[in-house]
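For the numbers below, each heavy atom of this structure counts, side chains included, while hydrogens, waters and symmetry mates do not.
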Amino acid sequence: GAGDLGNEFGYPARPRKTIPNSIPAGSVVEIKGQYDTAHISLVASGTPKSPVFIRSSSYAARAKVTGPIVLKSSHYVVIENLWIGPHDAASNLFGLAIREGSSHVAIRNCEFSGNLNRAGGLGVGSWQYAGSETASYVLVDNCYIHDNGNIHDTKDQDRHGVTLNGRVNYFWLVNSELARNSGDGIQITANAGANNDMRYIYIGRNTAHHNKQTGIWVKNAMDVIISQNAAYGHRVSSSGIGDGMGLQYGPEYVWFIFNDIYDNEFGIRLASDRSTGNGTEHFIVGNKISNIRAFSGRYKAGNPWERCAVGVWGGTNTYIVGNTI
């Protein structure tokens, strides 16, 4: 008996078939069961006093949304208790994207999964974005983000669990698990050299493990804090050397503070600068780094590129203080 015609809000006995594309302030959209659709493009117009909720009733009863969800020009939105993943093993369009122009978005108590074919996961911002808008004030809390892509693939799939691209300011990823993604658990990068476009990022109290490349990785960005995370189980692969976490391409003011990094091929690696200038001000403070594996066949005496707890291959003004190795 479900239907949209003449049924603006839906009722228990006659629910709507689809989520409205335009959601006014104060709305609560509740999803049950499995929601299959080719594409979901939403504009949610919440306010500080009347946010928009898109949710299931509880995490245990979380609905599965198999079509890609794209938030455009959306504000004050809470997405909670959903499972966002593929319909089947052949699916190649799914996941959640938050585009530039959106702000004050909270994603909490959600599961993101993929398949061997494609990654879903969470994307904030847009790859090679050339506009002037910013995705800002985005919080991801207590989410399970896992199995996006094939970690055994011999190619570089780059299927990250969470990806920040384009222009993003004020982003928090906390209390979440990033596991078995065929790329990084989270990768943070603006366009090449545009560090100012990716600022004020906080990654705290997460667990990142058994991803194909690294647990947490920073490229083009500024003012990034990576604090109190656990990173373990990363190995040499066709597209990585098994870092717990690190950076490359010259980001600025990146802090690695009080993380527990163990059972990886590398601990924290500051991998490279960029052709237009060095990254500056990197802080490695109070971390515990243990059980770095000796990768068989690679060790050569005096090799400066060998595995280690902390590798500083690039950057200017790096501070390594008070760590336990």
Starting from the C-alpha separation in whole Å, work towards a yes-or-no answer on side-chain contact (heavy atoms from CB on, under 4.5 Å) for Gln248 and Lys219. CA-CA 5 Å; Gln248 70 186 118; Lys219 291 185 176 179; 3.5 Å; yes
Go through it in stages, so that I can follow the logic: the residues are Arg205 and Asn175, the test is side chain to side chain donor-acceptor pair (under 3.5 Å), and I'd like the CA-CA distance, side-chain angles, deciding distance and then a yes or no. CA-CA 5 Å; Arg205 302 188 307 274; Asn175 306 318; 2.9 Å; yes
Carefully, step by step, assess Ser91 and Thr66 under the rule side-chain contact (heavy atoms from CB on, under 4.5 Å). CA-CA 9 Å; Ser91 298; Thr66 64; over 6 Å; no
Do Arg235 and Asp263 pass the salt bridge (charged side-chain N to carboxylate O under 4.0 Å, His left out) test, and can you show the C-alpha distance, the side-chain angles, and the key distance before you say yes or no? CA-CA 9 Å; Arg235 299 289 183 260; Asp263 188 29; 2.8 Å; yes
One pair to check against side-chain contact (heavy atoms from CB on, under 4.5 Å): Val105 and Leu71. What are the steps and the verdict? CA-CA 9 Å; Val105 180; Leu71 290 183; 4.0 Å; yes
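Residue pairs satisfying the salt bridge (charged side-chain N to carboxylate O under 4.0 Å, His left out) criterion with at least one member in residues 186-203, sequence neighbours excluded, are listed as follows: Arg167-Asp197, Arg199-Asp223. Applying the salt bridge (charged side-chain N to carboxylate O under 4.0 Å, His left out) rule to pairs touching residues 19-33 yields Glu30-Lys32, Glu30-Arg55, sequence neighbours excluded.
Using a 4.5 Å cut-off between side-chain heavy atoms of Ile, Leu, Val, Met, Phe, Trp and Tyr, with links allowed through other members, Val162 and Tyr202 fall into different hydrophobic clusters. In the hydrophobic clustering of this structure, Val43 does not group with Val124; members are Ile, Leu, Val, Met, Phe, Trp, Tyr whose side-chain heavy atoms approach within less than 4.5 Å, directly or through other members.
Applying the side chain to side chain donor-acceptor pair (under 3.5 Å) rule to His282 yields no partners; only residues at least two apart in sequence or on another chain are considered. Residues satisfying the salt bridge (charged side-chain N to carboxylate O under 4.0 Å, His left out) criterion with Arg180, sequence neighbours excluded, are Asp147. Scanning for side-chain contact (heavy atoms from CB on, under 4.5 Å) contacts around Leu116 gives Asn150, with sequence neighbours left out. Ala61 meets the side-chain contact (heavy atoms from CB on, under 4.5 Å) test with Ser57, Ser58; sequence neighbours excluded. For the salt bridge (charged side-chain N to carboxylate O under 4.0 Å, His left out) test, residues two or more places apart in sequence or in another chain that qualify with Asp153 are Lys155. Under the side-chain contact (heavy atoms from CB on, under 4.5 Å) criterion, Asn191 pairs with Gln128, Ala194, not counting sequence neighbours. For the side-chain contact (heavy atoms from CB on, under 4.5 Å) test, residues two or more places apart in sequence or in another chain that qualify with Pro51 are Phe53, Tyr76. Every residue was checked against the ring-ring contact (aromatic ring centres under 6.0 Å, His included) condition with Trp83, not counting sequence neighbours, and none meets it. With sequence neighbours excluded, no residue satisfies salt bridge (charged side-chain N to carboxylate O under 4.0 Å, His left out) with Asp260. Under the salt bridge (charged side-chain N to carboxylate O under 4.0 Å, His left out) criterion, Lys49 pairs with no residue, sequence neighbours left out.
The distance from atom CD1 of Ile84 to atom SG of Cys110, rounded to the nearest 0.5 Å, is 5.5 Å. Here the CD1 atom belonging to Ile186 is positioned 8.0 Å from the CG atom belonging to Leu122, to the nearest 0.5 angstrom. The structure places NE2 of His209 at 9.0 Å from OH of Tyr262, a figure rounded to the nearest 0.5 Å. Between atom CG of residue Leu164 and atom OG of residue Ser126 there is a gap of 11.0 Å, rounded to the nearest 0.5 Å.
Within the 4.5 Å cutoff, side-chain heavy atoms of Ile107 are placed close to those of Ile98. Proximity of Ile54 to Ile23: side-chain heavy atoms (C-beta onward) are separated by under 4.5 Å at one or more points. Between Ile203 and Met245, every side-chain heavy-atom pair lies at or beyond the 4.5 Å cut-off. Annotation: side chain of Tyr35 is not in contact with side chain of Leu82 (no heavy-atom distance under 4.5 Å). Contact annotation: the side chain of Val78 approaches that of Arg108 to within less than 4.5 Å [non-hydrogen atoms, C-beta and beyond]. You'll find the side chain of Asn115 reaches within 4.5 Å of the side chain of Phe94, heavy atoms only. In this structure, Val168 and Val138 have side chains that are not in contact, with every pair of non-hydrogen atoms separated by 4.5 Å or more. You'll find the side chain of Ile226 reaches within 4.5 Å of the side chain of Val218, heavy atoms only.
By the 30° and 60° cut-offs, the orientation of the rings of Trp313 relative to Phe266 is perpendicular. Ring pair His210/Tyr232 is perpendicular by interplanar angle, where above 60° counts as perpendicular and below 30° as parallel.
Within the 3.5 Å criterion, the main-chain N or O of Thr280 finds no donor-acceptor partner in the side chain of Thr316. Judged by distance alone, the side chain of Ser176 and the main-chain N or O of Asn142 form a donor-acceptor pair under 3.5 Å. Formation of a donor-acceptor pair under 3.5 Å by the Asn169 side chain with backbone atoms of Thr134 is not found in this model. Looking at Asp273, its side chain does come within 3.5 Å of a backbone N or O of Gly279 through a donor-acceptor pair. The backbone N or O of Ser41 lies less than 3.5 Å from a partner atom in the side chain of Asn21, making a donor-acceptor pair.
Using modelled atom types, one finds a donor on one side chain and an acceptor on the other under 3.5 Å when comparing Asn229 with Asn259. A side-chain N or O of Asn220 and one of Thr189 form a donor-acceptor pair less than 3.5 Å apart. With no hydrogens or angles considered, no side-chain donor-acceptor pair links His146 and Ser113 at under 3.5 Å. Residues Asn109 and Glu80 bring no donor and acceptor atom of their side chains to less than 3.5 Å of each other. For the residue pair Asn148 and His160, no side-chain donor N or O sits within less than 3.5 Å of a side-chain acceptor on the partner. In summary, the side chains of Asn117 and Asn92 do not present any donor paired with an acceptor at a separation below 3.5 Å, with no hydrogens or angles considered. Counting only N and O atoms by type, the side chains of Asp184 and Asn211 include no donor and acceptor under 3.5 Å apart.
Nearest heavy-atom pair across Asn181 and Leu178 is ND2-C, 3.9 Å. Counting all heavy atoms, side chain and backbone alike, Glu281 lies closest to Asn317 at OE2-ND2, 2.7 Å. Closest heavy-atom contact between Ala25 and Val52: CA-CG2, 4.2 Å. Nearest heavy-atom pair, Ile31 versus Ser56, reported as atom, atom and distance to 0.1 Å: O-OG, 2.9 Å. Between Val310 and Ile289, the shortest heavy-atom distance links the atoms CG2-CD1, 3.7 Å.
In this structure, Arg62 forms a cation-pi arrangement with Tyr59, its terminal cationic atom sitting closer than 6.0 Å to the ring centre and no more than 45° off the ring axis.
Checking Gln157, Lys212, Gln213 one by one against Ser238, the side chain to side chain donor-acceptor pair (under 3.5 Å) holds for a single residue, Lys212.
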